[in-house]
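Contents: one structure, followed by commentary.
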Amino acid sequence: MAKSATENSAFTEQLMEEVCDRENLERAWKRVKRNKGSPGVDGMTIDEAKAFLRQHWPNIRSQLLDGNYRPQPVKRVEIPKPDGGVRKLGVPCVVDRLIQQAVLQVLQERWDPTFSEHSFGFRPGRSAHQAVAQAQRYVADGYNVVVDLDLERFFDRVNHDILMSRVAARIPDKRVLKLIRAFLNAGVLEDGLVRPVDEGTPQGGPLSPFLSNIVLDDLDKELARRGHRFCRYADDCNIYLRSHHAGERVRASISRFLTDKLRLKVNEAKSAVARPEERKFLGFSIANDGSQRRIAPKALDKFKDRIREITCRTRGISLQQMIADLTPYLIGWRGYFGFCQTPRVLTNLEAWIRRRLRLYLWRQWRNGHNRFTELRRLGIAKFAASVAAGSPTGLWRMSGHPAVQHALRNHVFDSLGLPRIFMPVLA
DNA sequence: CCAGTACACAC
RNA sequence: AUUGUGUGUACUGG
C-alpha cells in the first residue's frame with residue numbers, strides 16, 4: 001500500500017522526458033513570456049527567442065534527452081536594495097529560463113507537497129499572510145518569545161554539493177541531475193569574461209527559489225524533530241518559544257546546525273531573540289499577547305514616504321492626475337496590509353482624498369453651463385441658489401445628498417474621464 | 001477559465 | 001541607460 005503511494009509520487013528515470021513534454025513546455029513558455037523579462041548574455045529577446053526555438057528546439061531537445069545540454073552563463077545585473085545595498089541578480093538567457101521553468105514545473109508538482117507545513121516562501125498556494133497568521137497563532141498560544149534567524153546572502157551561499165545530494169536522493173534521472181548541476185556551474189559574465197562559480201544559486205533563475213527550499217527543508221525537518229513552533233519564509237525563519245532563556249539556547253544550537261550541516265552562515269547582526277512586538281516578519285509585527293498583528297513601523301514609514309512623494313508634487317499636476325497616481329497604490333497596499341487592522345493614517349488619508357475629490361468635482365460642475373437646469377430638474381432649489389451665490393457652505397451641506405451625488409456621477413464624473421475605480425472614493 | 005494593470009513580500 | 005525570479009492580493013477586460 002505504502003509502496004504504491006510512493007510509486008505514484010516518486011520521480012522516475014524518465015523525468016527528462018516529462019520535462020520535454022509538449023504540454024509542459026508550452027506552459028513554461030507562457031510563463032517566461034508573461035514575465036516580459038529582458039535578454040540574457042546572448043542578447044536574445046523573448047520575441048527573438050520564439051523564432052530561434054522554432055528552428056533549433058529539436059536540437060536542444062535532443063541535447064537535453066542525451067544529458068549534455070550546456071546552459072549559457074548568467075548576466076550580472078545589479079539593482080539597489082531598499083536598505084541602500086545592491087542586489088546582484090544573475091539573469092539567465094531566455095532559452096535557459098524556459099528550460100529551468102520546465103524543470104521547475106515537473107519537480108515542484110511532486111516535491112512541494114513533501115515540504116514542511118511551516119514553510120511558506122516560494123510555494124504554490126502559500127502566502128506571506130498565511131505565515132504571519134500562523135506566527136500570530138503561536139504567540140497567542142503563549143509562545144511569545146521569537147528567535148528571528150537571518151541567513152547571510154542566502155542564495156549566494158547555497159552549497160552545491162549539499163544541494164545536489166538532496167536532489168539526487170530523490171531524482172533517479174541522471175540527465176536531470178547533470179542539468180541542474182550545469183545550471184549551478186554555468187558561471188557569470190562580468191566585465192566581458194565568464195567567472196566560474198562554486199557556490200550559490202543565481203538570483204533570477206526560475207529554479208533558484210525552489211532549490212533554496214530544498215536546502216532549507218533540512219532545517220524545517222530538524223526544527224520539527226525538536227518539536228519547535230516555527231514559520232519560515234525563504235531564509236527568514238522565526239521560532240516561537242515560551243522563554244527568553246530557551247530562545248538563546250535554541251538560537252545557538254540552530255546556528256550551529258546551519259553551519260555544520262548546511263554550511264550556511266547566520267547573520268548575527270540581523271538575527272535576534274526578542275519579544276514579537278520588537279521584530280518585524282514580512283512587513284508585520286505581532287502584539288506580545290498575540291491578540292493582533294500590526295503593520296511594522298518600518299513598513300508604515302515607507303508607506304508615508306511614498307504618499308508624500310505622490311502628493312507633494314501636486315503643484316505640477318492636476319488633482320485628477322494625482323488621484324489617478326494615488327489610487328492604484330492605495331488599492332495594492334491595502335491588498336497586502338489590509339490583512340491586519342486598518343491603521344488610522346490610511347482612514348484619514350482616504351477621507352482627505354474624498355474631500356479633495358468632491359471639492360474638485362464641485363468646482364468643475366459649478367463652472368458647467370447646465371448646472372442650474374439640472375439642479376432645477378432634480379428639484380433642489382435651495383442648493384441651486386447656493387450654487388448661484390457661489391457659497392461653499394452649500395457644498396458641505398448638500399454634497400452628501402443622494403440627488404447631488406447622482407448628478408455628480410452622471411454629469412461630471414464621466415465627463416472628466418475618471419475611471420470607474422474612483423466611484424467608492426466619491427461615495 | 002483565459003488575457004491585461006497595479007501593489008505587497010521574499011531572494 | 002540597465003531591472004531577474006517566485007508567491008499572494010486587488011482591479012479591468014473577454
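Each chain gets a letter, A, B and so on, in the order its sequence line appears, and its residues count up from 1.
Taking the six-membered ring for Trp and thresholds of 30 and 60 degrees, A:Phe183 and A:Tyr69 have ring planes inclined between 30 and 60 degrees apart.
Remark: the A:Asn185 side chain and the A:His160 side chain contain an N/O donor-acceptor pair separated by less than 3.5 Å. Using modelled atom types, one finds no donor on one side chain facing an acceptor on the other under 3.5 Å when comparing A:Gln72 with A:Asp96. Between the side chains of A:Gln14 and A:Glu18, not a single donor N or O lies within less than 3.5 Å of an accepting N or O. A donor atom on one side chain and an acceptor atom on the other are found under 3.5 Å apart for A:His118 and A:Tyr138.
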Below 3.5 Å is the cut-off: list the nitrogen or oxygen pairs between protein and nucleotides 6-8 of chain B, distance only.
none

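Annotation: proximity of residues 89-103 of chain A to RNA chain C (heavy atom, distance under 4.0 Å) is found for A:Leu89, A:Val91, A:Arg97, A:Gln101, numbered in ascending order. Remark: A:Arg31, A:Asn35, A:Gly37, A:Ser38 in residues 18-45 of chain A come within less than 4.0 Å of RNA chain C through at least one heavy atom. DNA chain B lies under 4.0 Å from at least one heavy atom of each of the following residues of residues 263-282 of chain A: A:Lys280, A:Leu282.
Between A:Phe155 atom CZ and C:rG4 atom P the separation is 16 Å, expressed in whole Å. Protein atom CG of A:Leu149 is 16 Å distant from nucleotide atom P of B:dA10, rounded to whole Å. Nucleotide B:dC11 holds its P atom 15 Å from the CZ atom of A:Arg157, rounded to whole Å. Spacing between atom NZ of A:Lys75 and atom C1' of C:rA1 amounts to 12 Å, rounded to whole angstrom units. For A:Leu184 and C:rU5, the CG to P distance is 18 Å, given to the nearest whole Å.
Looking at A:Tyr233, its side chain has no donor and acceptor atom pair within 3.5 Å of the base of C:rG8.
Contacts of A:Gly121 with the nucleic acid, taken as non-hydrogen atoms under 4.0 Å apart, are absent. In this structure, A:Arg153 reaches neither bases nor backbone, as no heavy-atom distance under 4.0 Å exists between it and the strands shown. Residue A:Asp235 is classed as a sugar-phosphate contact, given heavy-atom separations below 4.0 Å to backbone atoms only.
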Side chains of residues 246-255 of chain A: which donor-acceptor partners sit under 3.5 Å, not counting sequence neighbours?
residue, atom, partner, partner atom, Å
A:Arg251, NH2, A:Glu268, O, 3.3
A:Arg251, NH2, A:Glu268, OE1, 3.0
A:Ser253, OG, A:Arg226, NH1, 2.4
A:Ser255, OG, A:Arg251, O, 3.0

Quick one: side chains of residues 42-52 of chain A, donor-acceptor pairs under 3.5 Å with protein atoms, not counting sequence neighbours, listed by atom name and distance.
residue, atom, partner, partner atom, Å
A:Asp42, OD1, A:Met44, N, 3.2
A:Thr45, OG1, A:Glu48, N, 3.2
A:Glu48, OE1, A:Thr45, N, 3.1

Show every donor-acceptor pair shorter than 3.5 Å between a side-chain atom in residues 31-40 of chain A and any protein atom, with sequence neighbours excluded, or say none if there are none.
residue, atom, partner, partner atom, Å
A:Asn35, ND2, A:Arg31, O, 3.3

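Annotation: cation-pi pair A:Arg229/A:Tyr240 absent, no NZ/CZ under 6.0 Å from the ring centroid and within 45° of its normal.
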Dot-bracket pairing map - RNA chain C, Watson-Crick plus G-U, both contacts under 3.5 Å, | cross-strand: ...|||||||||||
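A:Glu17 meets the salt bridge (charged side-chain N to carboxylate O under 4.0 Å, His left out) test with A:Arg175; sequence neighbours excluded. Among residues two or more places apart in sequence or in another chain, the salt bridge (charged side-chain N to carboxylate O under 4.0 Å, His left out) test is passed with A:Arg153 by none.
Here salt bridge (charged side-chain N to carboxylate O under 4.0 Å, His left out) pairs that include residues 232-244 of chain A, with residues two or more places apart or in two chains, are A:Asp220-A:Arg232. Residues in residues 262-299 of chain A take part in these ring-ring contact (aromatic ring centres under 6.0 Å, His included) pairs, two or more places apart or across chains: A:Phe284-A:Tyr336, A:Phe284-A:Phe337, A:Phe284-A:Phe339.
Comparing B:dC11, C:rU5, C:rU3 by their closest approach to the side chain of A:Val77 singles out C:rU3.
The 5' end of RNA chain C is approached more closely, in terms of each residue's nearest nucleotide, by A:Pro206 than by the other of A:Pro206 and A:Pro124.
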